[in-house]
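Read the structure below first, then the notes.
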Amino acid sequence: MATTTNNKADPIALGPDSLAWKHAGDNLQLLMAGTTLLLQVSHPVVGAGVGDHSVFKEDPWGRLQRTTEWGLRLLYGGQEGSPQAGRDLREMHRNIKGADEKGRKYFALDPEAYAWVHMTTYYTMVTTQRMFGDKPFTASEEAQLYHEWVQQGRVLGIRDQDMPQTVPAFWEYFHNMVETRLENTDTARYLLDVSLKQVKKPPQLSMMPDWLWARFYRQIGKNATLSTYATLPHALRRKLHVHWTGRLARRFERKRRLIQRLVPLVPAKVRYLPPAYLSVTGQLERLRPVLKEAA
């Protein structure tokens, strides 16, 4: 794992020779975007906070853009930018609180919920590479990536006691959270029933006729729904009443194998976000202006 010189008060930010820089910036993970979001908003605290305070229903594309920009700052900001982005993120969530539909009070910086959002992305990275990537992680790579992801959690302000410290401990924690803490929240239901099937046109496509966008997104939604259903943990599929059949499983397997064959043909510049691309291709001398922009 890469390190850089840091202030005593700041946790060490990850650097360009970390596995996390490459795999967190892999656009292949978009195939699991629905799964990641559902894992997160099925936590009652996260679901209530997003449902009450996020504008994802009214402005989904703006919300996606801002989330991507935050991700760039948090991971690729270097020792100066990443810890500051973590502090800014916690400050932004400090006043997000309320009560859910069952009357339970919630707070966005609840330690369990705050850690859960971060830890779900390790599941995404590992599962993306296993399901769709051209080369699954080795056991040592999974361990290295997890060690780095715990370090990134510290940059986000997550305490060690709120994060499992080893890969076996993570999987025990993950399955326990899915079984005992996740719920069929209103926000999860909205994502399943609405967002995967229809969403507003992005501003960049404002000239596209509405009927053409609806037809285009309907096809995207079918594929996104299939990938989401397939990559959800079985216990969460059951909680969300997802209808998963052998026919759907066979369809997904055909799609998955096709993607695996096509992935090696995708240019690295298309597959990876800019900082990850420069890291993957060894163009480290060009990273400084990218980091400056991200910070």
Side-chain angles (χ1 to χ4, degrees), residues 9-14 20 24 29 32-56 63-64 66-77 81-102 104-126 145-167 169-188 191 233 236 239:
D10 287 337
I12 297 171
L14 299 176
Q29 290 180 103
M32 285 190 61
T35 301
T36 307
L37 288 171
L38 281 169
L39 281 166
Q40 293 172 356
V41 301
S42 294
H43 190 291
V45 171
V46 182
V50 170
D52 290 347
H53 298 272
S54 176
V55 296
F56 80 99
R63 183 70 181 87
L64 176 62
R66 290 187 292 275
T67 299
T68 301
E69 290 170 352
W70 271 107
L72 286 170
R73 286 187 62 201
L74 288 163
L75 182 57
Y76 301 113
S82 289
Q84 183 59 52
R87 289 190 290 271
D88 291 345
L89 185 67
R90 293 193 299 277
E91 187 59 34
M92 185 174 67
H93 285 79
R94 197 168 301 282
N95 294 319
I96 296 178
K97 57 186 70 174
D100 66 13
E101 67 273 10
K102 296 180 180 180
R104 297 171 298 189
K105 292 183 179 180
Y106 66 81
F107 175 43
L109 294 180
D110 170 81
E112 180 191 86
Y114 191 62
W116 174 245
V117 170
H118 177 63
M119 302 314 292
T120 58
T121 50
Y122 177 76
Y123 172 82
T124 300
M125 286 188 286
V126 171
L145 180 63
Y146 188 72
H147 178 68
E148 294 170 358
W149 214 236
V150 169
Q151 181 61 27
Q152 180 66 10
R154 296 181 184 119
V155 173
L156 289 166
I158 303 172
R159 305 172 303 181
D160 274 7
Q161 61 261 40
D162 296 317
M163 296 183 288
Q165 296 297 300
T166 66
V167 171
F170 165 79
W171 287 113
E172 182 179 356
Y173 152 87
F174 179 83
H175 292 301
N176 181 65
M177 287 289 292
V178 172
E179 287 280 0
T180 66
R181 292 292 290 130
L182 301 193
E183 300 177 0
N184 189 1
T185 65
D186 288 348
T187 306
L191 286 172
L236 187 54
K239 289 187 179 189

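In what follows, residues are counted from 1 in the order of the sequence shown.
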Problem - Candidate pair Tyr114 and Asp162, rule side-chain hydrogen bond (donor to acceptor under 3.5 Å, both in side chains), full reasoning - result: CA-CA 9 Å; Tyr114 191 62; Asp162 296 317; over 6 Å; no
Practice task
Starting from the C-alpha separation in whole Å, work towards a yes-or-no answer on side-chain contact (heavy atoms from CB on, under 4.5 Å) for Gln165 and Asp160.
Solution key: CA-CA 8 Å; Gln165 296 297 300; Asp160 274 7; 4.0 Å; yes
Problem - Full working for side-chain contact (heavy atoms from CB on, under 4.5 Å) between Thr35 and Thr124 - result: CA-CA 8 Å; Thr35 301; Thr124 300; 5.9 Å; no
Handout entry: Tyr76 and Leu14: CA distance, side-chain angles, deciding distance, side-chain contact (heavy atoms from CB on, under 4.5 Å) verdict
Key = CA-CA 8 Å; Tyr76 301 113; Leu14 299 176; over 6 Å; no
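Here the shortest heavy-atom pairing between Ala24 and Gln29 reads O-NE2, 3.4 Å. Listed here is the closest heavy atom pair of Thr185 and Val41: OG1-O, 2.8 Å. Between Arg154 and Pro11, the shortest heavy-atom contact is O-CG, 3.4 Å. When all heavy atoms of Pro164 and Met119 are compared, the pair lying nearest together is CD-CE, 4.4 Å. Closest non-hydrogen pair, Lys239 versus Glu179, comes out as NZ-O, 2.8 Å. Listed here is the closest heavy atom pair of Trp116 and Val178: CH2-CG2, 4.2 Å.
Taking CD from Gln40 and NE2 from His118, the interatomic distance works out to 11.0 Å, rounded to the nearest 0.5 Å. Going from atom CD of Glu101 over to atom CZ of Arg104 covers 6.5 Å, rounded to the nearest 0.5 Å. Atom-to-atom distance recorded for His175:NE2 and Thr180:OG1 is 12.5 Å, nearest 0.5 angstrom. Taking CD from Gln151 and CD1 from Ile12, the interatomic distance works out to 5.5 Å, rounded to the nearest 0.5 Å. Atom NE2 of His43 and atom CE of Met177 lie 4.0 Å apart (nearest 0.5 Å). Note: Arg181 CZ to Glu183 CD = 7.0 Å, rounded to the nearest 0.5 Å.
Checked for salt-bridge contact, Arg87 and Asp10 meet the test: a charged N lies under 4.0 Å from a carboxylate O.
The backbone N or O of Val167 lies less than 3.5 Å from no partner atom in the side chain of His147, so there is not a single donor-acceptor pair. Formation of a donor-acceptor pair under 3.5 Å by the Ser42 side chain with backbone atoms of Leu39 is not found in this model. At least one donor-acceptor pair closer than 3.5 Å links the side chain of Glu148 to the backbone N or O of Ala20. The backbone N or O of Ala13 sits nowhere less than 3.5 Å from a side-chain atom of Ser82 that would complete a donor-acceptor pair.
For the pair Tyr106/Asp52, a side-chain contact is recorded, criterion being any heavy-atom separation below 4.5 Å from C-beta on. Taking 4.5 Å as the limit, every side-chain heavy atom of His93 sits out of range of all side-chain heavy atoms of His53.
Residue Glu172 places its CD atom among 12 or fewer non-hydrogen atoms of other residues, nucleotides or ligands, all under 6.0 Å distant.
The one candidate from Val155, Leu89, Asp88 that meets the side chain to side chain contact (heavy atoms under 4.5 Å, CB included) condition with Leu74 is Leu89.
Tyr122 and Trp171 have tilted rings, their planes meeting at an angle from 30° to 60° on a 0 to 90° scale.
Taking the six-membered ring wherever Trp is involved, the centroid distance between the rings of Tyr146 and Trp149 does not fall below 6.0 Å.
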